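Step one of this worksheet: look at the structure below.
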Amino acid sequence: MFALVDAVAFYASAEKVFDPAIRHKPVVVLTNNDGCICAVCPIARQLSIPKFQPYFKIKRYLEHHDVVVRSSNYELYADLSERMMTVIGRFCDDHYVYSIDESFLRFSGFSKVISDWADYGQVIRRAVWRETGLPVGVGFGPTPTLAKAANHAAKKLFGYNGVAVINDDKSRCEILSKMAVTDVWGIGSRLGNKLKQLNIQTALDLANQNPKAMRRMFSVVVERTVNELNGVACLTWDEVKQNKKEIFSTRSFGERITDITPLKAALVTHAAIVARKLRRQHSLTKRIVIFAASSPHEEVYYKKSMLYDFITPTSDTRVIAKAVSEVINTLYKPDTRFYRCGIGAIELESEYFYQTDMFNKSADNPKIMTCIDTINNRYGVGALSIGSEKLTQKWAMRRAFLSPHYTTRWSDIPVIDCD
DNA sequence: TCTGGGGTCCTAGGACCC
DNA sequence: TCTGGGGTCCTAGGACCC
């Protein structure tokens, strides 16, 4: 049995945890640079606020309906996420954090102990609520795709109260028949449109297709989805937990940049983020892509990207930052209004099977990196960083509606006034 | 006045080489 | 006279997810 646990409108719910005044109000959270709406709480959802619309386009509508608007407080969300995942982890024998607010759980042998999965789901919900103040939905299913579907039912369909279980054909058909095909994990709007032309409307319609025919018409991914919807496991636990094959860090700037110094500072910061992510999954990269670009909405669009190959694969922040120094002059173009930049590690290999080079000594120093990671894990990311990250903060993101860092900054800790 | 997220994986098509 | 294969690498863009 698998389960998928995720938070209801995570960012918006996180904003409500330490701010009782907005708990019963419509709340939305914006993406980086206050660009788009990315989270809509259930109360705000009733106002049919669309996700991923540019904020400035619906600003007036939000004001008119007295909607509380917040910038992304990533420091707060990351910390609450970690607490939430720690609680969830207690209830299964293995779990995999799939994104900041969702986690796959695996239960092997639990069926002998647990007679009622729905009850068990409520136990998990109550524990997370009690210990973090976050509302979560829980979906159980015999395959990861069905667990995802049950999770959808738990949160969106009437009568489930936050927990749904698929454990026989009746519950499976019941839930899948009420789900649109585009609510299935892996079926987006494009595939959805094509499927609708074949009169495949609901998730159950899709489940009833011939898997081989689906493969011929679409892809092996759709075939796998059909099988999974029928309880035939195609994604093994190891595949669900697989390491990333590419790791990117990209960001748009708070304001357009024309100087080379802030561009370099931003890219070195991305180098540090990518290297940290690589180390976390015990990977090294042989090749990275470094890019900078103007806004695609600009009249003349400028984008330059460069590949950089390392002689020996690396996950060392300093080595990747040095690559930035080497290419920055080629990337930079004077009088260009840079809008975003980033770095991606695109050819990864495991650090456990590292092949040394006979003629070139690796510049990596794992001990220094481990030391930096340990300090940053304890005192916060950025406590220790590469000097050129700090050259300037001119590129920092815009966050006009930022809430306090309640859990990660001493000065922001909530105070209860007892008078 | 002007504003438009970020991450991962996959594939089609072009360039180049033998 | 005219025809014409197959592999690798790179890039851009599509698709999906949250």
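We name chains A, B, ... by the order of the sequence lines, and we start the count at 1 in each one. Keep in mind it's a predicted model, so treat the numbers as computed, not measured. Excluded from the calculations below are hydrogen atoms, water molecules and symmetry mates; all remaining heavy atoms, backbone and side chain alike, are included.
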To the nearest Å, how far apart are [X] [atom1] and [N] [atom2]?
X: A:K245; N: B:dT8; atom1: NZ; atom2: P; answer: 13 Å
X: A:F401; N: B:dG5; atom1: CZ; atom2: P; answer: 15 Å
X: A:E299; N: B:dT3; atom1: CD; atom2: P; answer: 11 Å
X: A:Y98; N: C:dC16; atom1: OH; atom2: P; answer: 13 Å
X: A:L62; N: B:dT3; atom1: CG; atom2: P; answer: 19 Å
X: A:L278; N: B:dG7; atom1: CG; atom2: C1'; answer: 14 Å
X: A:I100; N: B:dT8; atom1: CD1; atom2: C1'; answer: 17 Å
X: A:R215; N: B:dC10; atom1: CZ; atom2: P; answer: 14 Å

Nearest to the [X] side chain among [options], which nucleotide is it?
X: A:F56; options: B:dC9, C:dC18, B:dG4; answer: B:dG4
X: A:S99; options: C:dC18, B:dT8, C:dT11; answer: C:dC18
X: A:F52; options: B:dG4, B:dC10, C:dC18; answer: C:dC18
X: A:R190; options: C:dG14, C:dC10, B:dT8; answer: C:dG14
X: A:P54; options: B:dG4, C:dC16, B:dG5; answer: B:dG4
X: A:K148; options: C:dC17, B:dC9, B:dG5; answer: C:dC17
X: A:E246; options: B:dC9, C:dC18, B:dG7; answer: B:dC9

Counting any heavy atom closer than 4.0 Å, what does [X] reach on the DNA or RNA strands: base, sugar-phosphate only, or nothing?
X: A:S295; answer: nothing
X: A:G342; answer: nothing
X: A:N33; answer: nothing
X: A:L30; answer: nothing
X: A:E102; answer: sugar-phosphate
X: A:V220; answer: nothing
X: A:I247; answer: sugar-phosphate

Indicate whether the side chain of [X] and that of [Y] have a donor and an acceptor atom separated by less than 3.5 Å.
X: A:Y308; Y: A:E326; value: yes
X: A:D79; Y: A:T408; value: no
X: A:E228; Y: A:N230; value: no
X: A:S99; Y: A:D101; value: yes
X: A:W237; Y: A:D94; value: yes

Q. Among residues 249-256 of chain A, which residues get a heavy atom nearer than 4.0 Å to DNA chain B?
A.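 Residues of residues 249-256 of chain A under 4.0 Å from DNA chain B: A:S249, A:T250, A:R251, A:S252, A:R256.
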Evaluate whether atom [atom1] of [X] has more than 12 neighbouring non-hydrogen atoms of other residues, nucleotides or ligands under 6.0 angstrom away.
X: A:D66; atom1: CG; answer: no
X: A:Y74; atom1: OH; answer: no
X: A:E131; atom1: CD; answer: yes
X: A:E255; atom1: CD; answer: no

Q.
Given A:L76, which partner from the list A:L402, A:V17, A:T407 fulfils the side-chain contact (heavy atoms from CB on, under 4.5 Å) test?
A.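 By the side-chain contact (heavy atoms from CB on, under 4.5 Å) criterion, A:L76 pairs with just one of A:L402, A:V17, A:T407: A:T407.
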Q. Taking A:L284 as the fixed residue, which of A:E351, A:E347, A:R279 is the one that meets the side-chain contact (heavy atoms from CB on, under 4.5 Å) rule?
A.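 Of A:E351, A:E347, A:R279, side-chain contact (heavy atoms from CB on, under 4.5 Å) with A:L284 is met by A:E351 alone.
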Q: Hey, which sits more toward the 5' end of DNA chain B by its nearest nucleotide, A:Y339 or A:K244?
A: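 The residue whose closest nucleotide sits nearer the 5' end is A:Y339.
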Q. Quick one: on DNA chain B, does A:K59 or A:R340 contact a more 5' nucleotide (nearest heavy atom)?
A.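 Its nearest nucleotide being more 5', the pick is A:K59.
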Q: For C:dC17 versus B:dG4, give the span between their P atoms, rounded off to a whole number of Å.
A: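 It works out to 26 Å between them.
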Q) Reading DNA chain C 5' to 3', how would its secondary structure be written in dot-bracket notation, given Watson-Crick and G-U pairs with both distances under 3.5 Å, brackets [ ] for crossing pairs and | for partners on other strands? A) ....||||||||||||||
